[in-house]
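The chains referred to below are lettered A, B, ... by the order of the sequence lines, with proteins before strands, and numbering in each begins at 1.
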Amino acid sequence: MRTRFAPSPTGHLHIGGARTAIFAWLHAKAQKGKFLIRFEDTDKERSKQEFVNSILSSLSWLGIEADEEPLFQSSRQTKHKEIALDLLNKGLAYSCNVSPERLEEVRKIQQQNKQQPRYDGFSRDLNLPHEEGNVIRFKMPLEGETSFEDKILKKISINNKELDDFIIIRSDGSPTYNFCAAVDDIEMEITTVIRGDDHITNTLKQINIFNALEADIPEYAHLPMVLSPEGKRLSKREGALDINEYKKMGYLKEAMINYLIKLGWTYKEQEIFSEEELIKYFDIQNVNSSAAKFSQKLLDFYNNYYLKESDLNSLYAYIENNFSLSDKFIQNPKKIEIIDLLRVSSNNIIQIIEELTFFHDDPELTEELLTLIKIDKDLLEKFKFELEEVNFNDKLLIGVFLDNFLSKNNLKFPVLGKPLRLILTGKPKAPSITDLLFLLGKKNCLERIEKFLKI
RNA sequence: GUCCCCUUCGUCUAGCGGUUAGGACACCGGGUUUUCAUCUCGGCAACAGGGGUUCGAUCCCCCUAGGGGACGCCA
């Protein structure tokens with residue numbers, strides 16, 4: 001079994017494309033088949049090397065590697081033309097000299113008559129000699145229907161009258177997508193095509209190319225679209241980000257894959273899957289047939305989960321190697337414990353990094369912050385005095401001290417805890433006070449309390 | 001407009017003729033932590049509408065509505 005992911009390098013890889021790639025890759029792994037990559041770069045104007053690199057780096061971040069060298073469609077132009085000419089000679093395609101202007105006119109009239117705008121077959125039986133400047137169109141069957149059994153959507157069919165004679169060779173001599181895709185799928189011996197369901201009409205066209213070329217038709221699985229939270233098509237305007245951006249924001253690839261695969265696929269009532277489990281359980285036929293909306297919150301849930309579950313030292317190394325940490329933090333002997341504490345309540349690594357600034361930078365005592373801090377300064381003075389004697393080497397001792405201090409002074413925890421947290425971190429939301437005192441260290445704690453008392 | 005596809009809690013979904021319609025996220029509440037958070041327990045919440053078929057429809061068929069997609073000398 002051989003499948004492929006075939007992006008056009010005209011933009012970055014976003015959520016939708018990444019999901020398609022993951023499904024195809026997983027299907028290959030689950031079936032012990034081959035996963036291939038083909039760049040559909042037949043649009044010379046819009047295809048850019050920059051995007052090839054970007055897509056490849058996104059895929060490699062996700063751990064998706066092709067089993068053979070990626071194929072560039074443009075490198076096969078000569079072959080494509082040759083096959084198109086062959087079709088022309090066999091009478092399965094024909095030369096056409098209808099101008100784009102006339103085409104547009106025809107479409108306008110068809111619209112007005114409430115018909116589907118399409119090429120009307122004007123040159124189909126004219127037998128024009130193929131001259132430079134003409135296009136070559138594929139001869140669609142005029143009767144019957146084209147249908148296939150989709151792995152996900154089940155039977156899909158269309159009346160052949162709805163399909164028009166589409167162009168396979170442009171007037172400049174270059175071959176077009178629908179033609180190249182079919183030819184290359186044959187060449188690459190693709191047995192399973194997995195792509196978005198926006199390709200359904202292309203599939204119907206391509207099946208006819210397969211037939212004309214007397215090739216076996218691959219099996220198809222059309223993935224329902226991923227929609228924006230508003231239910232619109234995912235696009236830059238609708239907030240579709242380059243996958244590389246998620247990496248930069250500190251999403252883990254495991255989270256990304258788990259989220260994306262669960263967007264449409266289920267196995268029993270399991271929510272969390274290791275790569276091994278995915279390969280073991282994945283079955284393309286269990287993919288849901290309806291479109292799904294992208295949910296940042298669910299992605300965050302998965303990321304938080306993997307942040308908490310991943311090996312602490314590896315996570316730290318990953319953060320240090322891929323994100324910019326301040327020298328002060330890197331020199332902090334308790335840095336790993338700090339990360340361990342913060343990851344529990346963070347959705348991504350950037351959030352962790354933003355949170356950890358207070359460990360080495362004193363919080364700014366702004367007006368706003370000061371109004372939030374409500375504490376008796378004499379009490380705080382006393383607390384500071386006693387804190388100086390505490391052994392900070394042991395977190396447990398700090399906890400004991402806190403307990404004693406509270407009960408000795410007959411205080412409820414929040415009376416001291418709330419203002420203390422604000423003074424030490426500048427934030428109302430932070431880890432537990434004991435952890436905070438321990439990880440901040442005695443010197444920092446005393447200094448910050450002192451700083452506040454002096455105001 | 002024409003054709004194709006889709007329609008279960010707010011969101012992702014399970015269900016494949018008989019279920020108290022299940023799970024997860026989110027949200028809300030209780031408990032733990034003399035702490036906001038974490039953790040834990042619990043709660044809220046859905047079969048788009050109308051016709052059939054059937055003893056019985058979330059499930060099968062038809063219609064309507066809504067959503068998405070395609071309609072390029074883009075891919």
Side-chain angles (χ1 to χ4, degrees), chain A residues 6-11 39-43 45-47 73 96 98-100 103-104 107 110-119 134-137 150 152-154 156-159 161-164 166-178 180-181 195-205 222 224-225 227 229 231-233 259 262-272 286 288-302 305 308 341 344-345 402-403 406-407 411-418 420-422 427-436:
Chain A
S8 66
T10 54
F39 282 101
E40 315 238 293
D41 54 351
T42 47
D43 185 337
E45 290 296 303
R46 298 196 305 144
S47 296
Q73 202 152 58
C96 169
V98 176
S99 69
L103 246 30
E104 189 130 337
R107 290 198 184 101
Q110 286 164 332
Q111 285 271 37
Q112 282 165 4
N113 295 338
K114 301 192 174 187
Q115 287 170 330
Q116 171 146 245
R118 53 204 283 281
Y119 175 68
N134 283 13
V135 299
I136 297 179
R137 288 183 180 274
D150 191 88
I152 295 169
L153 301 172
K154 307 306 165 199
I156 290 176
S157 66
I158 194 167
N159 193 315
K161 288 187 181 74
E162 303 295 335
L163 267 14
D164 68 356
F166 63 95
I167 292 172
I168 59 176
I169 296 288
R170 300 185 184 95
S171 55
D172 68 357
S174 64
T176 62
Y177 163 76
N178 271 122
C180 297
R195 47 165 51 147
D197 71 5
D198 51 336
H199 278 282
I200 287 177
T201 36
N202 291 331
T203 296
L204 268 359
K205 289 178 184 172
H222 288 90
M225 301 271 92
L227 270 22
K232 295 294 166 204
R233 182 175 205 181
Y259 169 69
K262 282 291 294 173
L263 203 60
W265 177 76
T266 42
Y267 176 75
K268 299 188 177 167
E269 285 189 341
Q270 191 169 335
E271 309 287 342
I272 303 292
N286 289 139
N288 191 7
S289 58
S290 53
K293 291 175 191 164
F294 174 76
S295 163
Q296 183 64 45
K297 286 202 164 149
L298 235 201
L299 210 210
D300 284 346
F301 160 75
Y302 280 108
Y305 176 85
K308 286 187 291 195
L341 196 65
V344 171
S345 54
L402 269 174
D403 286 348
L406 254 19
S407 61
L411 294 171
K412 286 276 191 191
F413 192 95
V415 176
L416 177 69
K418 253 175 107 170
L420 195 55
R421 175 178 293 113
L422 288 164
K427 296 161 190 285
K429 186 182 158 177
S432 85
I433 294 291
T434 314
D435 286 327
L436 225 39

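- Checked against ring-ring contact (aromatic ring centres under 6.0 Å, His included), Tyr267(A) has the following partners two or more places apart in sequence or in another chain: Tyr281(A).
- In this structure, A37(B) makes no Watson-Crick or G-U wobble pair, since no nucleotide meets both defining distances under 3.5 angstrom.
- Nucleotides C27(B) and A46(B) are separated by 16 Å at their C1' atoms, to the nearest Å.
- For Thr266(A) and A14(B), the shortest distance from a side-chain N or O to OP1 or OP2 is below 4.0 Å.
- In this structure, Ser290(A) reaches the sugar-phosphate backbone alone: every heavy-atom distance under 4.0 Å involves primed, P, OP1 or OP2 atoms, never a base.
- Contact annotation for Asn113(A): no contact, since no heavy-atom pair falls under 4.0 Å across all strands.
- Counting non-hydrogen atoms under 4.0 angstrom, Ser47(A) reaches nothing in the nucleic acid.
- When the C1' atom is compared between C59(B) and A48(B), the two are found 16 Å apart, to the nearest whole Å.
- Under the rule for a salt bridge (charged side-chain N to carboxylate O under 4.0 Å, His left out), the partners of Lys262(A) that lie at least two apart in sequence or sit in another chain are Glu271(A).
- The separation of C5(B) from G29(B), taken at their C1' atoms, amounts to 42 Å, rounded to a whole angstrom.
- C62(B) and A57(B) have their C1' atoms separated by 15 Å, with the value rounded to a whole Å.
- Pair assignment for U54(B): none, as no Watson-Crick or G-U wobble contacts are both less than 3.5 Å.
- At a threshold of 4.0 angstrom between heavy atoms, the contacts of Arg107(A) are confined to the sugar-phosphate backbone, with no base atom among them.
- Using C1' as the reference atom, G23(B) and G18(B) are 22 Å apart when rounded to the nearest Å.
- Counting non-hydrogen atoms under 4.0 angstrom, Lys308(A) reaches the backbone sugars and phosphates but no base.
- The side chain of Glu40(A) lies closest to A75(B), out of C73(B), A75(B), C6(B).
- Side-chain N/O atoms of Arg118(A) and base N/O atoms of U2(B) include no donor-acceptor pair closer than 3.5 Å.
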In sequence, state the C-alpha distance, the side-chain angles, and the governing distance for Thr176(A) and Asn178(A), and then conclude on side chain to side chain donor-acceptor pair (under 3.5 Å).
CA-CA 6 Å; Thr176(A) 62; Asn178(A) 271 122; over 6 Å; no
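- Across all strands, Ala430(A) comes closer than 4.0 Å to base atoms (heavy-atom distances).
- Atom CD1 of residue Ile200(A) and atom CD1 of residue Ile156(A) lie 4.0 Å apart, to the nearest 0.5 angstrom.
- Among the heavy atoms of the strands, none lies under 4.0 Å from Pro7(A).
- Here Ser407(A) lies in heavy-atom contact (under 4.0 Å) with a base.
- Not counting sequence neighbours, the partners of Ser8(A) by the side-chain contact (heavy atoms from CB on, under 4.5 Å) test are Thr10(A), Glu40(A).
- With C1' as the reference atom, A21(B) and C9(B) are 11 Å apart, rounded to whole Å.
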Using the 3.5 Å cut-off, write out each protein N or O paired with an N or O of nucleotides 57-64 of chain B and the distance between them.
none

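- Applying the ring-ring contact (aromatic ring centres under 6.0 Å, His included) rule to Phe301(A) yields no partners; only residues at least two apart in sequence or on another chain are considered.
- Backbone-only engagement by Val344(A) is indicated by non-hydrogen atom pairs under 4.0 Å involving sugar-phosphate atoms exclusively.
- Annotation: of the two residues near RNA chain B, Asp198(A) and Asp164(A), the 5′-most nearest-nucleotide partner is Asp198(A).
- Applying the ring-ring contact (aromatic ring centres under 6.0 Å, His included) criterion to Tyr305(A), with sequence neighbours excluded, gives no partner residue.
- In a base pair of the Watson-Crick type (N1 to N3 plus N6-O4 or O6-N4) or a G-U wobble (N1-O2 and O6-N3), with each distance short of 3.5 Å, C71(B) is matched with G1(B).
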Contact list (N/O, under 3.5 angstrom) for nucleotides 26-32 of chain B vs protein:
none

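- Counting atom types as modelled, Ser171(A) pairs a side-chain N or O with a base atom of C73(B) as donor and acceptor under 3.5 Å.
- Applying the Watson-Crick and G-U wobble criteria (two distances, each under 3.5 Å), C16(B) pairs with nothing in any strand.
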Where do Asn288(A) and Thr266(A) land on the side-chain contact (heavy atoms from CB on, under 4.5 Å) test, with the steps shown first?
CA-CA 8 Å; Asn288(A) 191 7; Thr266(A) 42; over 6 Å; no
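- Here the closest heavy-atom approach between residue Ala430(A) and residue Leu436(A) is recorded as CB-CD2, 4.4 Å.
- When all heavy atoms of Arg233(A) and Asp198(A) are compared, the pair lying nearest together is NH2-OD2, 2.9 Å.
- Base pairing analysis places A24(B) opposite U11(B); the two distances defining the Watson-Crick or G-U wobble pair are each below 3.5 Å.
- Remark: G66(B) base-pairs with C6(B); criterion is Watson-Crick or G-U wobble with both hydrogen-bond distances under 3.5 Å.
- Set against C73(B), U34(B), A75(B), the side chain of Asn202(A) has A75(B) as its closest nucleotide.
- For a distance-only test at 3.5 Å, the side chain of Asp41(A) fails to qualify as a donor-acceptor partner of the base of A75(B).
- Remark on RNA chain B: of its neighbouring residues Glu162(A) and Ile167(A), the 5'-side contact belongs to Glu162(A), judged by nearest-heavy-atom nucleotide.
- Counting any heavy atom pair closer than 4.0 Å across all strands shown, Thr10(A) reaches no nucleic acid atom.
- Partners of Asp164(A) by side-chain hydrogen bond (donor to acceptor under 3.5 Å, both in side chains), not counting sequence neighbours: none found.
- Under the side-chain hydrogen bond (donor to acceptor under 3.5 Å, both in side chains) criterion, Gln115(A) pairs with no residue at all, not counting sequence neighbours.
- For Tyr302(A), there are no ring-ring contact (aromatic ring centres under 6.0 Å, His included) partners two or more places apart in sequence or in a different chain.
- Between Lys429(A) and U38(B), a side-chain N or O to OP1/OP2 separation shorter than 4.0 Å is absent.
- The C1' atoms of G30(B) and C44(B) are separated by 15 Å, rounded to the nearest whole Å.
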Return the polar atom pairs (N/O with N/O) between nucleotides 41-45 of chain B and the protein under 3.5 Å, or none.
none

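- U8(B) and G66(B) have their C1' atoms separated by 16 Å, given to the nearest Å.
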Give each protein N/O atom lying under 3.5 Å from an N/O atom of nucleotides 9-12 of chain B, with the pair distance.
from	atom 1	to	atom 2	distance (Å)
C12(B)	OP1	Lys293(A)	N	3.1
C12(B)	O2'	Lys262(A)	O	3.2

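- For the atom pair Asn202(A) CG and His222(A) NE2, the distance stands at 8.0 Å (nearest 0.5 Å).
- Nucleic acid contact for Leu402(A): none, since no nucleic acid atom lies under 4.0 Å from a heavy atom of the residue.
- A side-chain donor-acceptor contact under 3.5 Å links Asp41(A) to the backbone of Gln73(A).
- Using a 4.0 Å heavy-atom distance criterion, Lys418(A) is classed as making no nucleic acid contact.
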